[in-house]
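The analysis underlying the following values was restricted to heavy atoms, covering all of them including side chains, and did not include hydrogens, waters or symmetry mates. The structure presented is a predicted model; accordingly, all values stated were derived computationally and were not measured. We name chains A, B, ... by the order of the sequence lines, and we start the count at 1 in each one.
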2 protein chains.
Amino acid sequence: MVRMTTRTSRTGRRADALSKERIVAAAIEILDADGESALTFRALAARLATGSGAIYWHVANKGELLAAACDDVVARAMAPAGRSTRPSDAVRNAALGVFDAIDAHPWVGTQLIAEPWQPAVVDIFERLGAPLEELGVPASGQFDAASALLSHLLGLAGQYAAGARLLPPDADRSDFLRDVAERWASLDPEEHPFVHRMAARLPRHDDRAQFLAGIDLFLAGVAGAADPAA
Amino acid sequence: MVRMTTRTSRTGRRADALSKERIVAAAIEILDADGESALTFRALAARLATGSGAIYWHVANKGELLAAACDDVVARAMAPAGRSTRPSDAVRNAALGVFDAIDAHPWVGTQLIAEPWQPAVVDIFERLGAPLEELGVPASGQFDAASALLSHLLGLAGQYAAGARLLPPDADRSDFLRDVAERWASLDPEEHPFVHRMAARLPRHDDRAQFLAGIDLFLAGVAGAADPAA
DNA sequence: ACATGTCTGGAACAAAGTTCCAGAATGGAT
DNA sequence: ATCCATTCTGGAACTTTGTTCCAGACATGT
């Protein structure tokens, strides 16, 4: 009787045996410590004290590895969400949960937008969309509203990841903001009046608060569409 | 007297001379015809009948090349926007202009989110934010509102680009949507009630209309914040 | 013991970005 | 007209990375 399954996690194997879980965990450590560009199969093999071929026995390719790492982080971020709150808070909590996860692991942002059909994104979509019913959004508008929320979230995720890619290790974020503000301020006020004006506000802005403000704008719009007479 | 500048575009040079413009134009052709993965310096050199070294004399690296190509497309997309319309229509027009550009050139989406500090994004930010003043959004909220609009746009851009990366050449988009709908429908209705419900709506949805609906949700929220008493 | 299927480690390959450099092309100075 | 410095070109070569291949170690059932 031949066991054809690949994933047999049999009982007695040496303790330091490779497994998809251990590989994903090591990948997350590398990504968090040294950024996206540091995750190579060679670095991973070195950290696991093995060869790249051994890794490929457990993981099909780099995309699958990244997706698994991303799922892992997102699943953890989604877990602690009480169902007891108001629906608008449910949306806020879900969004902030993902925001905080991306803040802690910027590479998740890259992965989320790189492959929007992966399970993690579907989960996020669910969490953002489910409360809309209770908010009184008509069925016909729920898809549009949830998609807009998701796009907002993914867009921010992408920008965050891009920022992390630019700033080598961690670096002082306020220095970076000051640089951008200077560049904005030096733009021609005739051609870019708005950006020129916003330059003054950039240095003391709070990413998280700004993100939440965006969510609230959405929710305000949704509420208006839900009961235009109220 | 030595001319130190690099960019002297002198008058008499042979007609088929390389230039950043010609290189960018060729890059756009390749990107549009065969997708992001087809743009390599070797392919570019082959199309321009030269070597990769010659290209590097005009362009610092691949990032700069992509940014230039992206700027080119975005600049064209922004051009035809009358200032005569209502401010809310100005926002819609700017957003739809970028949407249509991304629809025609999905690789622009990748580039926009990959480097959100590039000029093209600043331009978009300007066009999205400038009308907010006329909409009566208080100065303190304009930054938040414009950022939210930008994130929404970039998020959608990323998803569009991801879709184009997945579907090899052009392929029938409705086939793809049907596949995704099936996968959504096969999810556990207990765990993913919302996504499960949305599966039915997915096949006959319109990307552009959905994007515009998102913008309108935002504008509705912005209007509410602008004059909560009206 | 032996055979079979599972798993490992590292060599080897292919593709892509980038660097290097020898030399052609060009325009000004003598 | 000749020479020279500079600009520009073409392609070879280097480096890194994802991926494939494969020889063999390990464990298990007969």
Side-chain angles (χ1 to χ4, degrees), chain A residues 1-24 26-27 30-31 34-69 107 110-111 114-115 165, chain B residues 1-24 26-27 30-31 34-69 107 110-111 114-115 165:
Chain A
M1 176 207 302
V2 185
R3 208 84 62 74
M4 284 303 291
T5 63
T6 317
R7 204 85 318 276
T8 42
S9 88
R10 72 170 81 307
T11 52
R13 196 70 178 171
R14 55 182 159 119
D16 67 332
L18 234 40
S19 69
K20 186 163 180 181
E21 292 73 40
R22 276 194 62 213
I23 294 172
V24 169
I30 294 177
L31 287 165
D34 302 320
E36 303 177 35
S37 60
L39 181 64
T40 67
F41 275 77
R42 281 165 181 80
L44 198 51
R47 173 174 280 248
L48 292 167
T50 180
S52 31
I55 298 175
Y56 273 95
W57 201 90
H58 297 273
V59 168
N61 51 42
K62 190 169 185 180
E64 184 187 309
L65 176 59
L66 282 168
W107 51 271
T110 303
Q111 179 57 22
E115 301 189 352
R165 230 175 298 132
Chain B
M1 177 207 302
V2 185
R3 209 82 62 74
M4 284 302 291
T5 62
T6 316
R7 203 89 315 279
T8 41
S9 89
R10 68 171 84 306
T11 50
R13 197 71 177 171
R14 56 181 160 116
D16 68 332
L18 233 41
S19 68
K20 186 163 180 180
E21 292 73 40
R22 275 194 62 214
I23 293 173
V24 169
I30 293 177
L31 287 165
D34 302 319
E36 303 178 32
S37 60
L39 180 65
T40 68
F41 276 77
R42 283 166 178 79
L44 198 51
R47 173 174 280 248
L48 292 166
T50 179
S52 30
I55 297 175
Y56 273 95
W57 202 91
H58 297 273
V59 169
N61 50 42
K62 191 169 184 179
E64 183 185 311
L65 176 60
L66 282 168
W107 51 271
T110 303
Q111 179 57 22
E115 302 191 349
R165 231 175 296 133

message: Looking at Leu39(B), is its backbone amide N or carbonyl O close enough to the side chain of Lys62(B) to form a donor-acceptor pair, meaning the two atoms are under 3.5 Å apart?
response: yes
message: How many whole angstroms separate atom CH2 of Trp57(B) from atom C1' of dG11(D)?
response: 18 Å
field: Residue pair Glu64(B) / His58(B), side-chain heavy-atom distance below 4.5 Å
entry: no
- prompt: Hey, are the side chains of Leu66(B) and Thr110(B) touching, using non-hydrogen atoms and a 4.5 Å cut-off?
  reply: no
task: Tell me whether the OP1 or OP2 atom of dT9(D) has a side-chain N or O from His58(B) closer than 4.0 Å.
output: yes
Gap between atom CZ of Phe41(A) and atom CD1 of Ile23(A) - 0.5 Å precision: 8.5 Å
message: Rounding to an integer number of Å, can you tell me how far Glu36(B) CD sits from dG17(C) P?
response: 12 Å
field: Spacing of Lys20(B) atom NZ relative to dC8(D) atom P, expressed in whole Å
entry: 14 Å
message: Please report the interatomic distance NZ(Lys20(A)) to CD1(Ile55(A)), rounded to the nearest 0.5 Å.
response: 13.0 Å
field: Non-hydrogen side-chain atoms of Ile30(A) and Thr40(A) separated by less than 4.5 Å
entry: no
- request: Starting from P on dA15(C), measure out to CG on Leu44(B) and report it in whole angstrom.
  value: 18 Å
Angle of first-five versus last-five pair axes in the helix from dA1(C)-dT30(D) to dT30(C)-dA1(D), to 10 degrees: 20°
- prompt: Over how many whole Å does the gap from Leu18(A) atom CG to dG9(C) atom P extend?
  reply: 7 Å
message: Over all strands shown, is Ala43(B) touching base, sugar-phosphate only, or nothing at heavy-atom distances under 4.0 angstrom?
response: nothing
query: Please, which pairs that meet salt bridge (Lys or Arg N to Asp or Glu O under 4.0 Å) have at least one residue in residues 48-60 of chain A, sequence neighbours excluded?
result: none
- prompt: Which whole-number value in Å describes the distance from Ile30(A) CD1 to dT17(D) C1'?
  reply: 14 Å
Could you pull out every donor-acceptor pair under 3.5 Å between side chains of residues 46-54 of chain B and any protein atom, sequence neighbours left out?
{"unit_1": "Arg47(B)", "atom_1": "NH1", "unit_2": "Glu29(B)", "atom_2": "OE1", "d": "2.2"}

- request: Select base, sugar-phosphate, or nothing to describe what Leu65(A) touches, counting heavy atoms under 4.0 Å on all strands.
  value: nothing
message: Regarding Leu39(A), tell me which of base, sugar-phosphate or nothing describes its non-hydrogen contacts under 4.0 Å with the strands shown.
response: sugar-phosphate
query: If you look only at pairs with a residue in residues 50-61 of chain B, which of them pass as a salt bridge (Lys or Arg N to Asp or Glu O under 4.0 Å), with sequence neighbours excluded?
result: none
field: Value in whole Å for how far the P atom of dC7(C) lies from CD of Glu21(A)
entry: 12 Å
message: Each nucleotide in nucleotides 18-23 of chain C should get exactly one letter: B, S or -. Can you fill that in based on protein heavy atoms under 4.0 Å?
response: BBB---
